[in-house]
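Residue numbers start from 1 in every chain, and the chains themselves are labelled A, B, ... in the order their sequence lines are given, proteins ahead of strands.
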2 protein chains.
Amino acid sequence: MKSKYISIIDIAKQLHISKSTVSRALTGHPSVHPETRSRVLELAQKLDYQRNPLALGLARNNTNIIGILVPEIMSTYFPSVIIGAQEVLHEAGYNAIICHNNESYNAEVLNTKLLLSYHVDGIIVSHTKETRNFDHFQMIQRRGIPLVFFNRTSDELNVPHVVVDDYEAAFRAVEHLIKIGRRRIAHLAGPDSLINTKLRQQGYLDALKKHKIPVDPDLVISYDLTLEKVRIYIKHFLELPQPPDALFTINDPTAIAAMEVIRQKGLSIPDDIAVVGFSNDLSARLVSPGLTTVAQPTFEIGREAARLLLQDITSTVKNDYSVKKAPSVMLKTKLIIRESTVMKQGK
Amino acid sequence: MKSKYISIIDIAKQLHISKSTVSRALTGHPSVHPETRSRVLELAQKLDYQRNPLALGLARNNTNIIGILVPEIMSTYFPSVIIGAQEVLHEAGYNAIICHNNESYNAEVLNTKLLLSYHVDGIIVSHTKETRNFDHFQMIQRRGIPLVFFNRTSDELNVPHVVVDDYEAAFRAVEHLIKIGRRRIAHLAGPDSLINTKLRQQGYLDALKKHKIPVDPDLVISYDLTLEKVRIYIKHFLELPQPPDALFTINDPTAIAAMEVIRQKGLSIPDDIAVVGFSNDLSARLVSPGLTTVAQPTFEIGREAARLLLQDITSTVKNDYSVKKAPSVMLKTKLIIRESTVMKQGK
DNA sequence: CTGTTAGCGCCTTCAG
DNA sequence: CTGAAGGCGCTAACAG
């Protein structure tokens with residue numbers, strides 16, 4: 001035996017029939033004698049035959065493999081999205097190959113090439129925080145390979161995408177802080193390269209505006225999401241002549257890092273400073289005090305992204321997004337109120 | 001154009017040479033005229049040619065794909081291991097396809113079949129907590145496909161594996177509790193199906209024995225790692241006539257869940273009950289009080305597993321582990337002491 | 001140094 | 001209903 005694996009040829013030989021017939025029997029082609037078919041099926045079963053999807057892909061020019069490209073897998077957010085996506089993909093007979101790049105743009109470009117080289121049938125992407133050049137994604141689209149973005153999208157590119165109502169979520173989060181009496185609300189925002197950053201920041205600004213609270217530019221800082229720097233920015237906030245009485249951050253890790261700094265400064269949360277994060281990571285529930293944050297429907301984001309992708313893959317008419325507007329899905333978030341903004345009853 | 005992708009044939013045609021020559025030029029075969037080679041390379045570059053690894057695999061009967069099979073990806077443990085493994089694999093020119101199964105035995109079996117069908121060159125596995133039957137893994141070995149276990153291994157099977165010193169880690173964790181004066185130390189253990197459970201439990205028992213503390217069977221419970229049940233077991237412990245003054249758990253999520261129950265009962269950590277977990281999940285640092293726990297070198301576990309696997313893949317002599325003992329690597333752990341056992345200085 | 005041929009596993013014509 | 005032949009993209013063995 002040359003290979004560890006058995007092929008339709010092995011079956012054909014043992015049954016003294018042609019491999020075409022075996023292939024037909026296996027794929028359920030109608031014109032095969034029932035008896036032949038059952039003999040093939042039986043032997044295949046017995047030999048533990050599994051067809052080689054790679055060879056199939058080569059012959060049919062599709063692989064049934066979907067690439068999922070995310071910036072990281074250490075938080076709970078991306079793994080949950082992946083799980084949701086895989087659920088839908090598996091159901092449809094697709095398998096996923098997951099790539100992560102530790103937020104590195106170069107790794108992202110390499111990974112897209114890798115996925116392309118494996119002739120994936122489609123790609124689901126959340127780009128890195130460094131990504132400002134979208135040529136590699138445009139190339140994918142130009143080649144006619146279905147592409148879906150989630151969470152982090154680009155307005156330069158017309159790509160089907162799944163997002164949450166970042167603007168509204170931020171708006172409501174800040175409004176919550178205003179309702180509990182805060183007036184000097186700081187915002188530690190993400191990098192401008194992320195569209196979410198802009199939307200959440202706008203939500204923040206508009207909430208202040210609605211409630212006639214003047215915007216203090218000193219209270220807004222954009223940063224690159226490297227947690228080590230949070231200390232610097234929070235210290236800066238706290239040392240302002242008029243320090244903030246609340247903080248809204250771009251994500252939960254930032255909020256949690258900030259809480260540590262605030263506590264070390266001897267300030268109390270939420271009494272001196274109320275804190276609100278974003279995403280409802282697992283850790284938001286675990287820190288003490290519990291972190292008020294915006295919950296995202298992560299599994300559903302994954303499922304929707306997969307659905308959008310499958311639509312494009314299976315659609316008979318090729319959707320040309322250089323002409324036609326790409327579909328998008330916007331999912332609802334939910335503000336989870338915990339002790340970092342509102343003291344627990346009876347404590 | 002029939003395909004979205006360009007092949008060596010396209011290059012060959014444009015250059016009026018044979019595809020073999022193109023292939024040779026591309027793979028760096030020595031006997032190719034330098035000029036021919038450079039013309040090929042140039043055109044390949046210009047056409048953005050990427051060779052199809054699937055076709056390569058078909059021709060060479062290897063895919064350069066490694067399967068990584070883990071029970072879940074929502075904690076920080078498995079993602080870190082995966083990242084470590086991929087680091088080594090990528091360096092060696094291999095790509096990983098990651099499968100997770102949400103601790104379901106059936107999904108695990110399906111996933112191994114999936115990986116086999118893709119003709120992966122090797123598989124790295126941490127099996128589910130439900131796995132008691134290892135036939136599917138044995139089958140992989142019998143087919144001569146390199147296999148490496150990590151974290152969760154089986155003593156029924158002779159498979160190369162990477163583990164940590166579970167026994168010693170548990171021993172030292174419990175000894176730490178004894179040294180801070182605890183005498184009634186409870187142990188919430190994992191299911192018997194996991195070898196780690198047994199080893200950690202033995203470490204627990206031996207530490208007690210060494211310090212001449214009688215073992216109270218009421219203080220040891222094995223459970224199936226479904227967090228919802230932690231409440232029951234902890235309540236049981238607390239309602240014993242002589243409740244424990246310390247708790248050692250099989251992992252961090254269990255410890256954290258337990259801490260919640262303990263606090264709700266109005267008891268103080270560590271004064272009334274000191275708590276030690278296992279693994280040093282991200283959340284161990286975030287909960288309050290910080291959780292004393294055993295840190296595992298997760299990245300290194302992944303790297304070692306990948307190295308072991310690559311050894312088997314590249315070794316010219318086929319290692320037959322039905323005769324020869326499989327290599328194993330045992331890595332050191334480190335006890336991280338936090339406030340769940342020892343009050344912080346100056347607080 | 002280069003072209004020809006065959007074959008990896010599978011499907012899909014095209015003839016019977 | 002079935003077999004033979006061709007091709008997907010690539011490499012390897014064999015001639016030159």
From the candidates D:dG3, C:dC11, D:dG9, the one with an atom nearest any side-chain atom of A:Ser18 is D:dG3

When rounded to whole Å, the CZ to P distance for the pair B:Arg51 and D:dG9 reads 15 Å

Residues pairing under salt bridge (Lys or Arg N to Asp or Glu O under 4.0 Å) where one sits in residues 137-154 of chain B, two or more places apart or in two chains, turn out to be A:Asp48-B:Arg143, B:Glu103-B:Arg152

Worksheet item: Should A:Arg39 and A:Glu42 be marked as a salt bridge (charged side-chain N to carboxylate O under 4.0 Å, His left out) after you check the CA-CA gap, both sets of side-chain angles, and the distance that decides it?
Response: CA-CA 5 Å; A:Arg39 282 173 57 215; A:Glu42 210 170 300; over 6 Å; no

A:Ile9 atom CD1 is separated from D:dA5 atom P, nearest whole Å, by 14 Å

task: Taking A:Asn133 for its side chain and A:Asp135 for its backbone only, find out whether a donor-acceptor pair lies under 3.5 Å.
output: yes

Rounded to whole Å, CG of A:Leu58 lies from P of C:dT12 at a distance of 13 Å

Handout entry: Distance-only donor-acceptor check, side chains B:Glu108 and B:His136, under 3.5 Å
Key = yes

From OH of B:Tyr49 across to P of D:dG9 the rounded distance in Å is 10 Å

A:His119 atom NE2 is separated from D:dC10 atom P, nearest whole Å, by 7 Å

So, with a heavy-atom separation below 4.0 Å from DNA chain C, the residues of residues 19-36 of chain A are A:Lys19, A:Ser20, A:Ser23, A:Arg24, A:Thr27

(Q) Using a heavy-atom cut-off of 4.0 Å across all strands, would you classify B:Leu54 as base, sugar-phosphate, or nothing? (A) nothing

Hits for side chain to side chain contact (heavy atoms under 4.5 Å, CB included) against B:Thr63, two or more places apart or cross-chain, chain-then-number order -> A:Leu54, B:Ile65, B:His119, B:Asp121

Rounded to whole Å, the CD1-P distance (B:Ile17 to C:dT4) equals 12 Å

Check step by step if ring-ring contact (aromatic ring centres under 6.0 Å, His included) holds for B:Phe78 and B:His100.
-> CA-CA 10 Å; B:Phe78 288 108; B:His100 54 95; over 10 Å; no

Q) Salt bridge or not for B:Arg307 and B:Glu304, using N-O below 4.0 Å? A) yes

B:Ile11 CD1 to D:dC10 C1', in whole Å, measures 12 Å

Whole-Å distance, B:His16 NE2 to C:dT4 P, equals 14 Å

Less than 4.0 angstrom between a side-chain N/O of A:Arg60 and OP1 or OP2 of C:dT12, yes or no?
yes

